[in-house]
Number of protein chains: 2
Amino acid sequence: MYSKEIAKLAGVSRSTVSRVINNYSNVAPETKEKVERVIKEYGYVPHASAQALAGKVSKIIGIFIANIRSGDEEYRVFRNVYISPFEAAIIDQADKLGYNTLVLIINDNEDFKKIRKLFNSKILSGGIFLGANNNSKEIFGLIESGYKLAVIDQEEIKKKNVKNHIIVNSDNYTGAYKATKHLIDYGHKAIAHICGDMNKYSGIKRLEGYRKAMKEARLKIKREYIAYGDFTEDSGFKCANQILKDKNKNKITAIFSSNDTMALGAMKAIKRMDLRIPEDISIVGYDDIRIASYVSPALTTVRSPILEMASVVTDNLINFIEKGTSSSRYYIIPVELIIRESTMKLT
Amino acid sequence: MYSKEIAKLAGVSRSTVSRVINNYSNVAPETKEKVERVIKEYGYVPHASAQALAGKVSKIIGIFIANIRSGDEEYRVFRNVYISPFEAAIIDQADKLGYNTLVLIINDNEDFKKIRKLFNSKILSGGIFLGANNNSKEIFGLIESGYKLAVIDQEEIKKKNVKNHIIVNSDNYTGAYKATKHLIDYGHKAIAHICGDMNKYSGIKRLEGYRKAMKEARLKIKREYIAYGDFTEDSGFKCANQILKDKNKNKITAIFSSNDTMALGAMKAIKRMDLRIPEDISIVGYDDIRIASYVSPALTTVRSPILEMASVVTDNLINFIEKGTSSSRYYIIPVELIIRESTMKLT
DNA sequence: TAAATATTTAAACACGTGTTCATAAAATTA
DNA sequence: TAATTTTATGAACACGTGTTTAAATATTTA
């Protein structure tokens with residue numbers, strides 16, 4: 001069923017059908033009504049490719065999800081539990097605005113070529129990066145090529161030739177500050193930090209937030225307080241072991257983990273050392289993934305407003321696509337500390 | 001950058017470029033090599049819409065994910081924790097076969113029209129349903145229309161006019177049988193079942209598996225043993241309360257929940273009644289979602305081989321798309337019982 | 001060497017839709 | 001009523017690629 005046949009059935013020309021579909025003003029009301037009736041009756045839908053070829057832009061945006069590199073195969077495929085609801089929220093919001101969503105999992109730099117292909121072949125008219133590295137040259141390249149892109153969790157881009165993009169971050173810095181401050185307020189002094197992947201902006205900013213709170217309280221950050229993980233559970237386990245191996249010497253009483261997944265690994269390690277949470281070690285995570293409220297003890301953590309971030313990034317991207325007016329917009333969304341059972345006052 | 005320009009740069013005609021791209025045999029090797037060099041140098045990619053219009057089929061498949069109806073907004077958007085890794089595994093497998101994936105969340109019947117649109121406009125060349133209701137008229141309609149579809153968790157379709165589709169199920173019947181049998185082997189006799197959504201094939205078959213095991217052991221299924229949930233945590237909570245409210249009379253010592261999410265809700269309810277798991281009540285879930293191994297006590301459950309199911313369904317669908325040869329294939333994938341801490345022998 | 005055949009290429013058309021342009025019809029003004 | 005403006009409509013072209021057909025070139029055979 002094509003527009004030619006609709007035209008015949010409605011007794012008008014194909015151009016008139018096209019004008020009805022595209023809401024032109026100069027169509028007689030009764031003609032319009034007649035054509036619309038036929039369209040509805042036969043369930044006609046324009047051929048998207050033909051439309052695209054004739055100059056209409058596609059109503060599809062991409063979601064580009066960075067895969068976790070290290071760790072086991074299972075985790076690789078099953079994907080980041082923080083990212084997954086983010087994806088769902090974006091799909092939902094895009095749908096509300098009449099857009100479909102194509103999901104791509106980015107494993108290596110080869111996959112950036114796929115993105116380029118999808119844009120060049122006019123399948124996508126925009127895209128959102130999730131979990132990307134900070135300052136990614138590949139993303140800069142795509143933005144420079146003029147593709148309409150938004151990035152979650154990315155430093156403000158100051159390069160002169162990289163403009164026209166959207167960046168939405170949660171306030172990682174303040175979140176990490178609040179988390180650390182919470183431990184300080186509870187009387188802890190020897191507070192360790194399990195860093196996330198330092199290639200991600202969130203990893204960097206959360207470390208900064210931790211430093212800020214410690215500095216503000218005039219607490220010295222000893223070398224042994226810091227361990228470098230990569231946001232995976234395994235790395236959390238290893239980092240906790242490393243941090244606590246000289247516990248008698250270090251007197252560490254609290255850990256701020258850069259995300260919940262690592263915090264879970266750390267909790268396993270802590271329990272295995274026969275230390276109690278929170279009596280011996282208080283621990284704070286970040287992200288408020290679903291498991292956080294189920295583990296025992298329930299994890300104190302920082303919650304990012306995923307729904308809000310997804311709305312902001314999607315609305316802005318689609319506005320950018322349709323109006324063409326984004327001049328490097330940069331958003332920071334506030335976060336919330338959720339106090340549960342994994343932290344307690346030092347007596 | 002279009003094929004016309006490539007042709008000019010390579011000093012050949014546009015048709016020759018097309019023949020090179022589409023691997024025709026009658027192109028001189030040196031010509032072919034020359035054209036390929038230019039294509040690579042300029043990173044040329046054919047305009048997908050133009051290709052589609054000229055008769056090539058799109059390399060995009062849809063993943064249609066049914067949303068949970070009841071329950072809170074958060075859960076709605078954040079999506080089913082069982083479905084989410086499934087989606088990831090399908091995307092991964094499709095990518096390996098050179099296909100991209102468009103994800104659609106199905107909230108109501110209106111959304112089936114969207115699917116029709118996507119097929120009619122030639123954006124999609126196939127699709128996979130996740131979490132769909134059993135015997136869905138809407139899906140039957142789409143299959144009848146000739147769209148190439150696969151469905152996870154669906155009864156074998158016997159209607160004469162509904163053919164050419166692929167169905168992949170995990171062995172829900174045997175899984176539920178194993179779960180119940182496990183409890184019986186542990187000496188339990190008064191075993192309750194929290195049913196899942198009876199609109200889903202998995203909900204139906206798991207109840208059947210439970211019945212089979214009970215019958216085989218000559219255990220009577222009292223009316224109070226059965227409670228009807230809908231796969232959400234809330235419903236699990238309510239069902240457990242209902243089942244256990246006359247505990248002194250019923251002597252129920254074990255519960256088989258139709259999925260893990262409801263089992264979590266049930267565990268909350270059980271704890272709130274000051275009963276111990278597994279000392280007072282043993283509980284078995286289904287799906288082996290990630291949280292299952294983190295809760296305390298860790299949940300005994302049934303694991304479906306998600307990766308395998310995703311491979312089977314994706315491989316078959318793409319084969320169907322490319323070769324056009326599927327005559328109602330029906331697959332059942334075996335499952336595995338994972339025994340953890342939430343079940344114990346009755347002494 | 002001429003003829004027959006095999007190989008390679010270029011031109012032309014098709015795919016379905018949007019849009020421009022010219023024209024016909026209707027409405028308004030003089 | 002005639003002239004002008006406004007409105008409505010259909011014909012023709014453009015979008016980029018695949019494919020068919022006819023022609024040109026190279027190769028082989030007699």
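Just so it is clear: chains get the letters A, B, ... in the order the sequence lines come, proteins before strands, and each one is counted from 1.
Each salt bridge (charged side-chain N to carboxylate O under 4.0 Å, His left out) pair with one or both residues in residues 126-146 of chain B, not counting sequence neighbours, would appear here, but there are none. Judged as a salt bridge (charged side-chain N to carboxylate O under 4.0 Å, His left out), the pairs with a partner in residues 107-116 of chain B (not counting sequence neighbours) are, in order, A:Asp95-B:Lys114, B:Glu110-B:Lys113, B:Asp111-B:Lys114. Legend: side-chain hydrogen bond (donor to acceptor under 3.5 Å, both in side chains) pairs involving residues 52-62 of chain A, not counting sequence neighbours, sorted by first then second residue: A:Asn22-A:Lys56.
For A:Glu36, there are no salt bridge (Lys or Arg N to Asp or Glu O under 4.0 Å) partners two or more places apart in sequence or in a different chain. Judged as a salt bridge (Lys or Arg N to Asp or Glu O under 4.0 Å), and not counting sequence neighbours, A:Glu155 has no contacts. By the side-chain hydrogen bond (donor to acceptor under 3.5 Å, both in side chains) test, A:Ser202 is found to be paired with A:Asp153, residues two or more places apart in sequence or in another chain being considered. Under the rule for a salt bridge (Lys or Arg N to Asp or Glu O under 4.0 Å), A:Lys32 has no partner lying at least two apart in sequence or in another chain. Legend: residues meeting side-chain hydrogen bond (donor to acceptor under 3.5 Å, both in side chains) with A:Tyr2, ordered by chain and number and at least two apart, are B:Lys122.
C:dA27 atom P lies 16 Å from atom CG of A:Asn26, rounded to whole Å.
Side-chain N/O atoms of B:Ser18 and B:Ser15 include no donor and acceptor closer than 3.5 Å.
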I need a per-nucleotide contact map over nucleotides 16-22 of chain C, read 5' to 3'. Cutoff is protein heavy atoms under 4.0 Å; write B for the base, S for backbone only, - otherwise.
BBBBB--
Expected rows: protein N/O vs nucleotides 23-25 of chain D N/O, under 3.5 Å:
none

Could you list the donor-acceptor pairs under 3.5 angstrom formed by side chains in residues 46-54 of chain B, with sequence neighbours left out?
unit_1: B:His47; atom_1: ND1; unit_2: B:Ser49; atom_2: N; d: 3.2
unit_1: B:His47; atom_1: ND1; unit_2: B:Ala50; atom_2: N; d: 3.3

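Rounded to 10 degrees, the angle separating the terminal helix axes of the helix from C:dT1-D:dA30 to C:dA30-D:dT1, each built from five base pairs, is 40°.
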